[in-house]
Amino acid sequence: MRLSSFFLPTLKETPTEAQIVSHRLMLRAGMIRQQSAGIYAWLPLGHKVLKKIEQIVREEQDAAGAQELLMPTIQSADLWKESGRYDDYGKEMLRITDRHEREMLYGPTNEEMITDIFRTFVRSYRQLPLNLYHIQWKFRDEVRPRFGVMRGREFLMKDAYSFDIDPAGARRSYQAMFLAYLRTFARMGLKAIPMRADTGPIGGDLSHEFIILAETGESGVFCDKAWLDLDVLADAPDYKDDLQPFFDKYTSIYAATDEKHDAATCPVPAERLESARGIEVGHIFNFGTKYSKPMNATVAGPNGEPVHVEMGSYGIGVSRLVAAIIEASHDDNGIIWPDAVAPFNVGLVNLKPGDAETDRVCEELYVKLRAQGVEVLYDDRDERPGVKFADMDLIGLPWHLVVGPRGLKNGVVELKRRATGEREELSEESALAKLAR
RNA sequence: CGGGGCGUAGCGCAGUCUGGUAGCGCGCCAGUUUUGGGUACUGGAGGCCCCCGGUUCGAAUCCGGGCGUCCCGACCA
């Protein structure tokens with residue numbers, strides 16, 4: 001993509017409404033535009049990141065055996081009356097009346113609907129286990145939306161729902177999602193720590209929150225320093241194997257939010273205790289038959305008798321993750337995207353458009369990089385070098401490939417790693433080799 | 001849902017107290033200049049001063065009502 005034609009409305013000044021760093025940077029980097037309190041339009045750069053995150057979530061859900069479908073954002077109130085939540089959910093649920101005076105709602109979650117789909121089509125325990133998920137916009141009418149997309153009213157969420165014939169099966173489903181979540185966040189370059197959680201209004205008896213560490217996080221967390229050295233991707237078992245040992249290992253290492261942490265009873269000695277800030281980005285629940293009973297979702301068991309299915313639900317805040325990643329990865333100059341979620345891999349900076357040799361080398365690099373499968377944002381604008389460097393740092397692409405007459409005179413281009421600020425002068429060929437995927 | 005703040009050019013703000021031709025910086029457009037970290041100068045475009053009503057010869061400014069938005073608290077992925 002050529003920056004001269006890319007829709008990227010960056011801001012030099014910070015809008016006053018933005019209080020936290022991710023919100024400020026998302027506005028300044030031209031990623032989002034607020035349309036109403038807690039409701040945002042995603043501009044091209046933000047949209048690209050959102051899609052990258054969504055895709056990693058999708059791949060890990062698929063790998064764990066979940067299947068994607070897509071349910072609507074607007075739901076009928078009837079299903080919610082059946083589960084009893086229509087009255088329980090309160091003002092957070094946005095209620096809508098259609099032209100026929102029918103009660104509708106903009107879904108804050110989908111347990112009822114997925115249970116309805118399940119009970120319509122699944123008749124036998126032989127069709128289990130089953131895990132269905134979708135990635136869809138949700139709406140919760142927060143009293144006080146804030147912090148940009150971190151706590152908006154409209155948000156993109158992946159929610160998965162598991163169905164099993166018995167509690168043992170439900171536990172396996174839960175463990176598979178537990179593993180999938182650790183892998184998902186690790187792939188995004190995040191350190192995510194599962195913490196035992198209250199089950200809240202959704203109910204159930206087994207639940208973990210996944211908290212990623214970020215200096216500017218909303219809540220305080222305490223954990224064993226052992227967490228910091230764990231490499232989940234290297235450690236992860238195969239989904240076909242027994243996941244219990246892995247689950248036991250990861251649930252036994254101490255971690256607690258500050259509400260639950262008690263210095264007096266903490267099993268971790270002070271020198272091994274890490275105190276940090278964190279942001280919740282995922283939450284998983286096992287809630288047994290909470291919905292299958294009132295909504296009568298049964299399958300025929302091995303002896304032919306109907307059995308209420310055991311369910312669980314598993315959420316990841318996809319749009320929140322965009323902000324959470326920025327909270328965890330930025331500096332004074334702007335965003336620092338982890339490679340896996342960066343909107344482009346490389347920012348190619350032409351320091352002197354109009355200079356024949358500089359233009360020629362840039363065009364060549366632009367073509368060759370893309371041929372190598374590298375996503376490139378080519379800054380071909382007629383702007384001052386300072387403007388280009390500042391914008392490139394702000395939008396945080398992982399690699400900056402800087403081409404100017406001064407370097408070309410010596411046959412070199414400059415490659416900068418955004419995260420470390422490390423710069424290296426090298427030949428065009430070596431730069432291409434280094435950036436090859 | 002309690003308490004507070006703010007709505008003036010795309011963004012950041014002054015002007016409101018004390019009513020009298022609507023301003024500044026950044027950005028944008030044209031030109032000159034500059035050329036490896038947001039350059040300098042010249043010229044220009046751009047405003048239902050949040051909305052409705054009232055007071056007044058005259059309202060961005062005073063009064064009443066509404067809406068939007070942000071912050072603190074309680075609540076939440």
Side-chain angles (χ1 to χ4, degrees), chain A residues 9-20 23-24 27-28 30 33-39 57 89-93 107-110 135-160 181 197-202 207-212 217-219 259 278-285 313-324 332-334 349-355 358 379 381-394 400 402-410 412-414 416 421 423 425:
Chain A
T10 57
L11 302 173
K12 205 166 175 178
E13 289 173 281
T14 304
T16 34
E17 76 261 20
Q19 299 298 312
I20 61 166
H23 191 193
R24 286 202 288 262
L27 290 169
R28 286 193 53 211
R33 152 91 183 166
Q34 179 170 318
Q35 295 302 137
S36 190
I39 300 179
V57 170
Y89 219 93
K91 290 191 170 175
E92 278 210 346
M93 185 150 77
T109 178
N110 287 65
I135 299 173
Q136 176 64 292
W137 293 93
K138 306 282 189 295
F139 194 93
R140 292 184 193 169
D141 199 359
E142 298 278 348
V143 194
R144 191 184 156 207
R146 63 185 119 170
F147 305 149
V149 299
M150 186 77 82
R151 190 169 158 194
R153 293 194 292 171
E154 187 184 53
F155 56 97
L156 187 62
M157 181 175 173
K158 184 286 302 183
D159 40 328
Y181 274 41
D198 288 330
T199 50
I202 295 190
S207 175
H208 285 88
E209 286 178 357
F210 286 76
I211 306 235
I212 64 161
E218 294 185 90
S219 43
E259 299 118 42
I279 299 167
E280 184 185 348
V281 290
H283 204 153
I284 60 179
F285 302 87
S313 78
Y314 314 90
I316 290 180
V318 176
S319 50
R320 165 178 272 201
L321 266 169
V322 178
D332 290 344
N333 295 323
V349 180
N350 182 334
L351 283 180
K352 189 159 186 174
D355 177 78
T358 309
D379 191 347
R381 296 174 302 171
D382 185 18
E383 288 287 354
R384 307 255 322 163
V387 172
K388 298 191 173 201
F389 290 134
D391 272 346
M392 205 47 86
D393 282 345
L394 174 63
H400 301 175
V402 180
V403 181
R406 204 166 80 186
L408 290 180
K409 213 162 21 181
N410 304 316
V412 296
V413 295
E414 184 180 286
K416 173 180 157 185
R423 296 146 192 257
E425 293 201 326

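These numbers come from a predicted model, not from an experiment. The chains referred to below are lettered A, B, ... by the order of the sequence lines, with proteins before strands, and numbering in each begins at 1.
- In this structure, B:G68 and B:C6 make a Watson-Crick or G-U wobble pair, each of the two defining distances being under 3.5 angstrom.
- The side chain to side chain donor-acceptor pair (under 3.5 Å) check on A:K416 picks up A:D393, with sequence neighbours excluded.
- Pairing partner, B:G73: B:C1, with both Watson-Crick or wobble hydrogen-bond distances short of 3.5 Å.
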How does protein contact run along nucleotides 68-75 of chain B, one letter per nucleotide 5' to 3', with B for base contact, S for sugar-phosphate only, - for none, heavy atoms under 4.0 Å?
-SSBBBBB
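- Across the P atoms, B:G12 and B:G65 are found 29 Å apart, a figure rounded to whole Å.
- As a whole-Å value, the separation of A:L321 CG from B:A77 C1' is 10 Å.
- Under the Watson-Crick or G-U wobble criterion, with both distances below 3.5 Å, B:U35 is left unpaired in every strand shown.
- Across every strand in view, B:G47 sits unpaired, with no contact that passes the Watson-Crick or G-U test at under 3.5 angstrom.
- When the P atom of B:G38 is taken as reference, atom CG of A:D382 falls 17 Å away, rounded to whole Å.
- Across B:A14 and B:C50, the matching P atoms stand 14 Å from one another, rounded to whole Å.
- Listed candidates were B:G36, B:G12, B:G27. Nearest to the side chain of A:P15 is B:G12.
- A:H400 has its side chain out of reach of A:F389: every pair of non-hydrogen atoms, C-beta onward, lies at least 4.5 Å apart.
- Atom pair A:R140:CZ and B:A77:C1' shows a separation of 6 Å (rounding to whole Å applied).
- Of the candidates B:G38, B:A77, B:G36, the closest approach to any side-chain atom of A:P385 belongs to B:G36.
- B:C57 and B:G20 make up a base pair, with Watson-Crick or G-U wobble contacts both under 3.5 Å.
- Between the base of B:G37 and the side chain of A:R423 there is a donor-acceptor pair shorter than 3.5 Å.
- In this structure, the side chains of A:K138 and A:D159 come closer than 4.5 Å at one or more pairs of heavy atoms.
- One P atom belongs to B:C17, the other to B:C28, and the distance between them is 36 Å to the nearest Å.
- Of the side-chain N and O atoms in A:K12, one or more sit less than 4.0 angstrom from OP1 or OP2 of B:G27.
- With contacts defined as side-chain heavy-atom distances shorter than 4.5 Å, the pair A:F147/A:E218 qualifies.
- Taking the salt bridge (Lys or Arg N to Asp or Glu O under 4.0 Å) definition, one finds that A:K158 meets it with nothing, sequence neighbours left out.
- B:C1 and B:A74 have their C1' atoms separated by 8 Å, given to the nearest Å.
- At whole-Å resolution of the value, CG in A:D391 and P in B:G27 are 12 Å apart.
- Place A:R28 and A:S319 on RNA chain B by their nearest nucleotides, and A:R28 ends up nearer the 5' end.
- Protein atom CG of A:D379 is 15 Å distant from nucleotide atom P of B:G38, rounded to whole Å.
- Separating the P atom of B:G54 from that of B:G10 is a span of 29 Å, rounded to the nearest Å.
- Both geometric conditions, a ring-centre gap below 5.5 Å and a plane tilt below 30°, are not fulfilled together for A:F389 over the base of B:G36.
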What protein N or O atoms touch nucleotides 6-10 of chain B N or O atoms at under 3.5 angstrom, if any, and at what distances?
none

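- Nucleotides B:G19 and B:A60 have their P atoms positioned 13 Å apart, rounded to a whole Å.
- Heavy atoms of A:G282 sit nowhere under 4.0 angstrom from any nucleic acid atom.
- Between A:V413 and A:L408 there is a side-chain heavy-atom pair separated by less than 4.5 Å.
- One cannot find a donor-acceptor pair under 3.5 Å joining the base of B:G38 and the side-chain atoms of A:E383.
- For A:D379, the salt bridge (Lys or Arg N to Asp or Glu O under 4.0 Å) test picks out A:R381, A:K388, with sequence neighbours left out.
- Note on A:G152: a base of the nucleic acid sits closer than 4.0 angstrom, heavy atoms only.
- One can place CD of A:E414 at 11 Å from C1' of B:G37, the figure rounded to the nearest angstrom.
- Contact of the A:H23 side chain with the A:E17 side chain is registered, since non-hydrogen atoms from C-beta on lie closer than 4.5 Å.
- Using a 4.5 Å heavy-atom threshold, the side chains of A:T14 and A:L27 count as separate.
- With RNA chain B read from its 5' end, the first of the two nearest nucleotides for A:K91 and A:D393 is the one closest to A:K91.
- Across all strands shown, A:G404 has heavy atoms under 4.0 Å from base atoms, whether or not it also approaches the sugar-phosphate.
- We find that CG of A:L408 is positioned 18 Å from P of B:U35, with the value rounded to whole Å.
- Here the side chains of A:K91 and A:D141 are not in contact, with every heavy-atom distance at 4.5 Å or above.
- A gap of 35 Å separates the C1' atoms of B:C29 and B:C67, to the nearest Å.
- Considering only heavy atoms from C-beta on, A:I212 comes within 4.5 Å of A:I279 through its side chain.
- Residue contacts for A:K158: at a heavy-atom cut-off of 4.0 Å it reaches no nucleic acid atom on any strand shown.
- B:G5 and B:A45 have their P atoms separated by 39 Å, given to the nearest Å.
- Between the P atom of B:G36 and the CG atom of A:D355 lies a distance of 12 Å, rounded to the nearest Å.
- Judged as a side chain to side chain donor-acceptor pair (under 3.5 Å), and not counting sequence neighbours, A:R406 has no contacts.
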